[in-house]
Number of protein chains: 2
Amino acid sequence: MLKHQKEMALLKEHLGKRQLKYTRQRELILDAFLKHEHITAEELYHQLSRKDPHLGLATIYRTLNLFCEAGLAQARHFGSQTQYDNVSHKGHHDHLICTECGKIVEFENCDIERLQEEVAARNGFVIKTHRLELYGLCSRCQH
Amino acid sequence: MLKHQKEMALLKEHLGKRQLKYTRQRELILDAFLKHEHITAEELYHQLSRKDPHLGLATIYRTLNLFCEAGLAQARHFGSQTQYDNVSHKGHHDHLICTECGKIVEFENCDIERLQEEVAARNGFVIKTHRLELYGLCSRCQH
DNA sequence: TTGAAATTGATAACCTATTTCAATTAGCTG
DNA sequence: CAGCTAATTGAAATAGGTTATCAATTTCAA
């Protein structure tokens with residue numbers, strides 16, 4: 001049973017173009033990475049070190065950066081750590097964040113996304129992903 | 001000529017409530033901070049060390065975090081550094097970021113902001129600030 | 001199978017941000 | 001306005017996440 005066929009093909013294509021190699025580690029990390037909507041390097045490391053105790057943290061970082069270049073992942077700096085988002089995960093959502101109590105509400109809005117495309121087009125950009133965070137006070141914290 | 005009256009009052013109010021003190025350094029840093037739409041601690045440090053060579057970087061960080069707690073600033077992790085946004089600055093702009101060459105285009109879009117308000121209202125939130133980043137390829141990097 | 005080039009793992013280095021701590025300062029109290 | 005206590009500061013040490021280094025290993029085209 002072969003999983004993540006499409007992403008694996010994308011990765012191989014990216015590697016081929018740049019004379020990079022398809023290694024056991026890259027396959028292992030890709031497989032584990034794609035199981036999550038987003039994950040940190042450290043989390044992936046702990047998870048994978050069970051399967052392969054010799055896998056180094058540096059390799060995880062290098063590989064995640066590779067995924068970003070290949071368009072499979074998207075780095076997002078959040079707090080002191082970096083979250084690597086799984087781009088192939090379709091259910092993209094944005095966040096409403098209460099600065100008082102930390103409550104987070106996820107939402108999705110097609111109209112906003114359409115306007116984003118317009119802005120991008122006007123500036124000659126093609127959007128791959130985006131990040132929208134609204135900071136404010138939730139109903140309970142407004143006083 | 002007194003500048004930044006409103007923000008200074010806000011800060012003093014915040015300090016008063018928590019038995020914190022209004023110091024020369026805090027005034028200095030507030031003044032310099034408010035001149036920018038957003039700035040990093042390091043930049044602020046270099047700028048201020050001309051006026052006061054003894055001002056420490058740690059104090060800049062401490063004070064910027066204080067501003068965040070007081071609602072005057074908003075921290076935004078960007079790349080490897082933290083940008084501190086000046087909340088009182090109305091002309092808020094969003095970013096189009098090229099993931100290939102790093103080019104950044106700033107933009108503003110009232111329609112998007114209006115839709116954001118709608119989403120927030122629907123969820124009982126009152127927005128203070130937001131952050132919108134569109135990642136993709138600029139015209140030159142599309143091939 | 002062979003060999004050049006890429007990759008890996010381990011660790012050191014890096015960079016930003018925070019913590020520590022003795023000396024200084026703010027700002028009440030009398 | 002002097003005295004006192006708690007907060008603040010500067011300098012340097014420390015922390016924590018990420019990247020660079022390098023010898024050994026692995027990939028993959030010829």
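Keep in mind that the numbers below use all heavy atoms, side chains included, and drop hydrogens, waters and symmetry copies. Order of the sequence lines fixes the chain letters, A, B, ..., with proteins taken first and strands second; residue numbering starts at 1 for each chain. What you see is a predicted model; the values in this text were computed from it and never measured.
- If you take CG on B:Leu137 and CZ on A:Phe125, they are separated by 8.5 Å, rounding to the nearest 0.5 Å.
- B:Ile39 and B:Gln83 make their closest contact through N-OE1, 3.4 Å (heavy atoms, listed as atom of the first residue, atom of the second, distance).
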### Task
Kindly determine whether B:Arg18 and B:Glu13 satisfy salt bridge (Lys or Arg N to Asp or Glu O under 4.0 Å), including the steps that lead there.
CA-CA 9 Å; B:Arg18 317 186 177 209; B:Glu13 187 193 331; over 6 Å; no
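- Of the possible donor and acceptor atoms, one in the side chain of A:Glu43 sits under 3.5 Å from a partner among the backbone N and O of A:Thr40.
- Side-chain contact annotation: A:Asn86 with A:His38, donor-acceptor N/O pair under 3.5 Å absent.
- Counting to the nearest Å, the P atom of C:dA17 and the CD1 atom of B:Ile60 are 12 Å from each other.
- Here the side chain of B:Thr63 pairs a donor or acceptor atom with the backbone of B:Thr59 at under 3.5 angstrom.
- Residue B:Leu55 is classed as a sugar-phosphate contact, given heavy-atom separations below 4.0 Å to backbone atoms only.
- In this model, the phosphate group of C:dT18 is approached by a side-chain N or O of B:Asn65 to a distance below 4.0 Å at OP1 or OP2.
- Using a distance-only test at 3.5 Å, with no hydrogens or angles considered, no donor-acceptor pair links the side chain of B:Asp85 to the main chain of B:Ala73.
- Both A:Leu72 and A:Leu48 are assigned to one and the same hydrophobic cluster, defined by single-linkage of ILVMFWY side chains at heavy-atom distances under 4.5 Å.
- Distance, A:His14 NE2 to C:dA6 P: 14 Å, rounded to whole Å.
- Side-chain N or O atoms of B:Ser49 include one that pairs as donor or acceptor with a backbone N or O of B:Tyr45 at under 3.5 Å.
- The separation between B:Gln19 atom CD and D:dC4 atom C1' is 15 Å, rounded to whole Å.
- If you measure from atom CG of B:Asp52 to atom P of C:dT24, you get 16 Å, rounded to the nearest angstrom.
- Toward the 5' end of DNA chain C, the nearer of the two residues A:Pro53 and B:Thr40, judged by each one's closest nucleotide, is A:Pro53.
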In residues 111-119 of chain B, what donor-acceptor pairs under 3.5 Å come from side-chain atoms, sequence neighbours left out?
from: B:Arg114; atom 1: NH1; to: B:Glu118; atom 2: OE2; distance (Å): 3.4
from: B:Gln116; atom 1: OE1; to: B:His130; atom 2: ND1; distance (Å): 3.2

Filtered N/O pairs between nucleotides 14-17 of chain D and protein, under 3.5 Å:
none

### Task
Show your working on salt bridge (Lys or Arg N to Asp or Glu O under 4.0 Å) between B:Asp52 and B:Arg24 and close with a plain yes or no.
CA-CA 11 Å; B:Asp52 183 347; B:Arg24 186 179 58 78; 2.9 Å; yes
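- The interatomic distance linking B:Ile39 (CD1) with C:dT16 (C1') rounds to 16 Å, in whole Å.
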For nucleotides 21-23 of chain D, list the nitrogen or oxygen atoms of the protein found under 3.5 Å from its nitrogen or oxygen atoms, one pair per line.
from: D:dT21; atom 1: O4; to: A:Arg62; atom 2: NH1; distance (Å): 3.3

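- Counting all heavy atoms, side chain and backbone alike, B:Arg131 lies closest to B:His77 at NH2-O, 2.6 Å.
- Considering only side-chain N and O atoms, B:His77 lies nowhere under 4.0 angstrom from the phosphate OP1 or OP2 of C:dA17.
- Residues B:Lys21 and B:Arg26 share a closest heavy-atom pair of O-NH1, 2.8 Å.
- Two end axes, each from the C1' atoms of five base pairs, can be drawn for the helix from C:dT1-D:dA30 to C:dG30-D:dC1; they diverge by 30°, to 10 degrees.
- Judged as a ring pair (Phe, Tyr, Trp, His ring centres under 6.0 Å), and not counting sequence neighbours, B:Tyr84 has no contacts.
- What separates CG of A:Leu44 from P of D:dT18 is a distance of 12 Å, to the nearest Å.
- One finds a side-chain N or O of B:Arg26 lying less than 4.0 angstrom from the OP1 or OP2 phosphate oxygen of D:dT9.
- Straight-line distance from the CG atom of B:Leu15 to the P atom of C:dT25: 19 Å, rounded to whole Å.
- Looking at which nucleotide of DNA chain D each of B:His54 and A:Leu57 is closest to, the 5′-most match is held by B:His54.
- At least one side-chain nitrogen or oxygen of B:Thr59 sits closer than 4.0 Å to the OP1 or OP2 atom of D:dG10.
- With hydrogens and angles ignored, the 3.5 Å screen pairs no side-chain donor or acceptor of A:Glu7 with any backbone N or O of A:Asp31.
- C:dT25 atom C1' lies 15 Å from atom CD of B:Glu27, rounded to whole Å.
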Please list, pair by pair, any protein nitrogen or oxygen found under 3.5 Å from a nitrogen or oxygen in nucleotides 26-30 of chain D.
from: D:dT27; atom 1: O2; to: A:Lys21; atom 2: NZ; distance (Å): 2.5
from: D:dC28; atom 1: OP1; to: A:Tyr22; atom 2: N; distance (Å): 3.0

